[in-house]
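In what follows, chains are A, B, ... by sequence order, proteins preceding strands, each numbered from 1. Quick caveat, the model's predicted, so the values are computed rather than measured.
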Amino acid sequence: MAKEGLGLEITELRLGLPGDNYSESKKKKRVLSDMMTSSSVDTEDENGVVSSVEDNSSPVMKSQAVGWPPVCSYRRKKNNEELASKAIGYVKVSMDGLPYLRKVDLGSSNSYDNLATVLEDLFGCLGLGVANEGKKCEYIIIYEDKDRDWMLVGDVPWQMFKESCKRLRIVKRSDATGFGLS
Amino acid sequence: MNYFPDEVIEHVFDFVTSHKDRNAISLVCKSWYKIERYSRQRVFIGNCYATNPERLLRRFPCLKSLTLKGKPHFADFNLVPHEWGGFVQPWIEALARSRVGLEELRLKRMVVTDESLELLSRSFVNFKSLVLVSCEGFTTDGLASIAANCRHLRDLDLQENEIEDHRGQWLSCFPDTCTTLVTLNFACLEGETNLVALERLVARSPNLKSLKLNRAVPLDALARLMACAPQIVDLGVGSYENDPDSESYLKLKAAIKKCTSLRSLSGFLEAAPHCLSAFHPICHNLTSLNLSYAAEIHGSHLIKLIQHCKKLQRLWILDSIGDKGLEVVASTCKELQELRVFPSDLLGGGNTAVTEEGLVAISAGCPKLHSILYFCQQMTNAALVTVAKNCPNFIRFRLCILEPNKPDHVTSQPLDEGFGAIVKACKSLRRLSLSGLLTDQVFLYIGMYANQLEMLSIAFAGDTDKGMLYVLNGCKKMKKLEIRDSPFGDTALLADVSKYETMRSLWMSSCEVTLSGCKRLAEKAPWLNVEIINESDNNRMEQNGHEGRQKVDKLYLYRTVVGTRMDAPPFVWIL
């Protein structure tokens with residue numbers, strides 16, 4: 001389900017069809033336009049990129065048919081939740097000793113300090129620091145990168161970290177050996 | 001048989017368990033009707049508004065188990081407003097007043113409140129089993145009453161319900177004396193779970209066979225739970241995230257190996273797929289696998305898991321498995337009877353996940369397949385013809401091509417011939433869902449060949465009233481017909497009013513039926529409830545001079561022996 005390789009616009013939760021196998025849709029235009037409610041649709045997204053759906057309203061309107069595809073609302077909700085968190089920026093965070101996971105939107109953080117604050121709020125854990133800064137806190141933050149290695153948060157530039165971070169973990173400083181901390 | 005005393009006849013009836021058969025027995029003669037009704041313990045009511053609690057209790061005073069269904073099927077797809085109806089409260093009140101010895105209650109698409117659950121828990125001393133499917137209106141407080149008050153609770157099975165989670169301590173409301181649990185399914189709960197209470201409950205439930213956890217139960221807790229319940233048959237894993245080198249994971253692997261009775265696996269609501277190998281040792285025993293909520297399990301990890309599951313009879317999966325994945329299923333799972341492939345991307349992402357090729361592969365590889373639900377991007381008539389040839393034993397065939405009105409993607413023809421082949425070959429077909437570009441022709445085929453068809457779902461299909469007429473005239477066993485966005489109107493609706501007495505219900509939304517058509521129907525058939533659901537226009541409909549010609553947005557009609565229901569909300573107009 002991961003949408004690797006697609007541009008940023010794909011993560012926008014629009015009711016549009018980014019696929020390109022809808023040339024047949026032109027034939028069905030007259031049938032669908034009777035059923036759909038909205039009348040016109042912008043085929044350009046915010047970035048000014050014309051979407052691959054060239055013809056007008058019908059392909060987009062299809063998705064707007066209530067209750068279509070016929071997936072029960074419980075399953076639909078789960079699916080939406082899944083998609084929302086797959087949008088760039090959401091990573092899972094676990095904290096040692098706590099039996100649940102949280103999700104944090106990396107996309108909305110702009111620095112390590114910001115991230116540390118967000119995590120502190122999320123877990124009610126004060127003084128969370130990044131790398132060697134949080135010497136006083138008994139917890140440190142580590143992250144799993146693209147290669148499935150666990151790294152100390154704060155070692156690499158923020159942007160690079162944002163792009164490679166798959167998941168976060170808050171661990172006890174005393175348990176975290178091998179990260180080069182004193 | 002009539003020379004035997006009643007007790008003997010009753011004893012014979014004990015061996016007849018299916019509702020259909022018992023209903024048939026009761027029609028043989030007055031004496032059998034009487035014997036049957038006093039000995040009937042399990043009652044199934046497919047539409048809670050077809051009758052009422054008083055009539056139920058009058059006829060079956062020795063009732064122990066009741067199954068009720070409320071909202072119409074299309075309510076699942078948000079086509080029925082929440083306040084439409086289907087309240088269980090009056091039923092529980094009436095059952096409680098009558099002091100019937102209720103032991104089991106199974107509800108589907110009903111509105112259940114905490115008050116209902118509390119009343120239920122206090123009114124029936126021997127209450128054992130509560131199964132709620134796609135219900136709403138209650139919170140974990142209601143669950144707490146059930147836990148606290150039902151001394152002999154055996155089953156608490158919550159499937160896909162909308163439950164407001166107060167993050168309370170409902171699990172700790174099970175008294176220490178409660179040791180009778182066989183089924184505990186709370187996978188649909190969103191909130192945090194008291195793990196200590198859960199572990200203690202599982203530890204004191206030696207009969208526990210089915211345990212389905214929610215996503216708040218992490219892997220280390222799972223390890224402990226499985227270690228104290230090695231007799232488990234049906235497991236729903238909650239969260240499955242961990243470091244494969246951790247101690248918890250090692251403990252889990254050891255615990256899994258001991259679960260030699262495990263036959264059914266589901267959940268993995270949050271998953272680290274590389275840890276799935278822990279389950280490989282028991283996969284050869286699995287008969288049921290539901291990974292349809294496990295969006296993170298796909299690719300090679302999924303394939304490896306499936307390759308171990310040679311005895312699988314039931315598989316529910318996401319379309320991210322792809323055609324290639326389905327080919328692996330086809331070559332591995334020779335015992336497969338039921339397959340459901342759900343869409344992983346509802347926003348029309350265009351990632352061509354599964355196509356007709358996957359379906360054909362499955363039909364070729366799995367000779368025992370009888371039930372399928374298949375969401376896909378595209379289909380061809382040729383593929384459907386092949387599937388029909390390979391699998392003439394379908395009982396349920398539900399195909400959903402994600403894009404409405406999509407024709408055969410190779411020939412650009414409608415899919416009439418393909419579905420026609422299915423109904424012609426599958427003589428036992430009881431349930432059918434159509435999709436893609438379809439003309440009246442497909443309905444001609446359905447009317448001609450689908451003799452056993454009981455439920456038909458139609459969307460964006462057909463050209464004229466003839467289509468619907470073919471079905472109404474041809475399908476003698478039709479029970480539930482649901483139609484949306486199709487050009488069927490008053491002519492078809494009114495052609496044979498007596499047909500609806502043989503059916504449970506008819507749903508028509510965004511079709512061509514008019515208000516005057518519905519009114520005429522209601523006049524001709526007083527034993528039908530003809531409901532118009534018009535959220536915005538109800539008042540306008542009455543006042544407008546041209547009201548007769550106005551199209552009805554949603555029509556739901558059903559046979560009933562108790563007339564108009566009293567609990568309809570203002571936007572439901574019962575003619």
Which bit of [X] comes within less than 4.5 Å of chain A, counting heavy atoms only: side chain, backbone, both or neither?
X	answer
B:Glu162	side chain
B:Ala216	backbone
B:Leu373	neither

Looking only at non-hydrogen atoms, find the nearest pair between [X] and [Y] and report the distance.
X	Y	result
B:Arg484	A:Gly67	NH1-O, 3.3 Å
B:Asn78	A:Val66	O-CG1, 3.9 Å
A:Asn79	B:Pro343	ND2-O, 3.5 Å

Next item on the list: Give the member of B:Ile401, B:Asp76, B:Asn161 that has the highest number of heavy-atom pairs under 4.5 Å with chain A.
Entry: B:Asp76

Notebook entry, point to check: Say you draw a straight line from OG of A:Ser94 to CD of B:Glu270; how long is it, rounded to the nearest 0.5 Å?
Noted result: 10.5 Å

Notebook entry, point to check: So how far is it from B:Phe77 CZ to A:Cys72 SG, rounded to the nearest 0.5 Å?
Noted result: 7.5 Å

Check: Side chains of A:Pro70 and B:Phe375: does their closest heavy-atom pair fall under 4.5 Å?
Finding: yes

Margin query: List the residues meeting side-chain contact (heavy atoms from CB on, under 4.5 Å) with B:Ser292, not counting sequence neighbours, and say none if there are none.
Written below: A:Arg75, B:Asn290, B:Trp316, B:Phe342

Next item on the list: For A:Lys166, look at atom NZ and say whether over 12 heavy atoms of other residues, nucleotides or ligands are found less than 6.0 Å away.
Entry: yes

Note to self: Please check this pair: side chain of A:Trp68 against backbone of B:Leu402, looking for a donor-acceptor N/O pair closer than 3.5 Å.
What the structure shows: yes

Check: Looking at residues at least two apart in the chain, or sitting in another chain, which of them share a ring-ring contact (aromatic ring centres under 6.0 Å, His included) with A:Tyr74?
Finding: B:Tyr293

Margin query: Tell me whether A:Lys78 is salt-bridged to B:Glu190, with the criterion being a basic N under 4.0 Å from an acidic carboxylate O.
Written below: yes

